Novice: 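Structure provided below as structure tokens; questions to follow.
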Amino acid sequence: MKTMYTVPEIMSILGVSKNAVYTLIRNNSFKTYRTARGYLIPISSFENWLYEGKVQ
């Protein structure tokens, strides 16, 4: 079962640019993990932010 989103997946879900997603990441809108290939966003953290406006 998938537990993390990538930046391109968040772009697709929200319908925004890569720069907009990186702005959300810089503003700590949701929890992220930095990897050698980019950022991973836990689905639960993203959905809490999206639906409830809460940062975990």
Side-chain angles (χ1 to χ4, degrees):
M1 176 170 30
K2 186 175 178 109
T3 60
M4 302 277 193
Y5 286 135
T6 62
V7 169
E9 289 172 322
I10 298 294
M11 289 169 52
S12 177
I13 292 166
L14 296 177
V16 298
S17 69
K18 185 187 292 188
N19 287 339
V21 175
Y22 282 114
T23 297
L24 292 170
I25 290 170
R26 278 194 304 276
N27 291 336
N28 296 316
S29 297
F30 32 77
K31 190 180 285 187
T32 60
Y33 296 97
R34 177 102 192 215
T35 69
R37 302 185 105 202
Y39 287 94
L40 293 175
I41 299 100
I43 292 173
S44 60
S45 178
F46 175 74
E47 288 180 347
N48 281 339
W49 170 81
L50 183 63
Y51 298 119
E52 300 174 19
K54 295 180 183 176
V55 178
Q56 281 188 334

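The structure presented is a predicted model; accordingly, all values stated were derived computationally and were not measured.
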Novice: How many angstroms lie between OH in Y5 and CG in L14, if you round to the nearest 0.5 Å?
Specialist: 10.0 Å

Novice: Measuring only between side-chain heavy atoms, which start at C-beta, is V16 closer than 4.5 Å to L24?
Specialist: no

Novice: In Å and rounded to the nearest 0.5 Å, what is the CD1 to CD1 distance from I10 to I41?
Specialist: 4.5 Å

Novice: Among Y39, F30, Y51, exactly one meets ring pair (Phe, Tyr, Trp, His ring centres under 6.0 Å) together with F46. Which residue is that?
Specialist: F30

Novice: Using every non-hydrogen atom in the two residues, find where K31 and S45 come nearest and quote the distance to one decimal.
Specialist: N-OG, 2.8 Å

Novice: Between V7 and Y22, is any pair of side-chain heavy atoms under 4.5 Å apart?
Specialist: yes

Novice: Looking only at heavy atoms, which two atoms of I43 and K2 are closest? And how far apart?
Specialist: CD1-O, 3.5 Å

Novice: Side-chain contact test, heavy atoms from C-beta onward, threshold under 4.5 Å: evaluate it for Y33 versus M4 and give yes or no.
Specialist: yes

Novice: I'd like to know if the side chain of E9 reaches the main chain of T6, judged simply by a donor and an acceptor atom lying under 3.5 Å from each other, with no hydrogens or angles considered.
Specialist: yes

Novice: Looking only at atom types and distance, does a side-chain atom of S29 sit under 3.5 Å from a main-chain N or O of I25, one as donor and one as acceptor?
Specialist: no

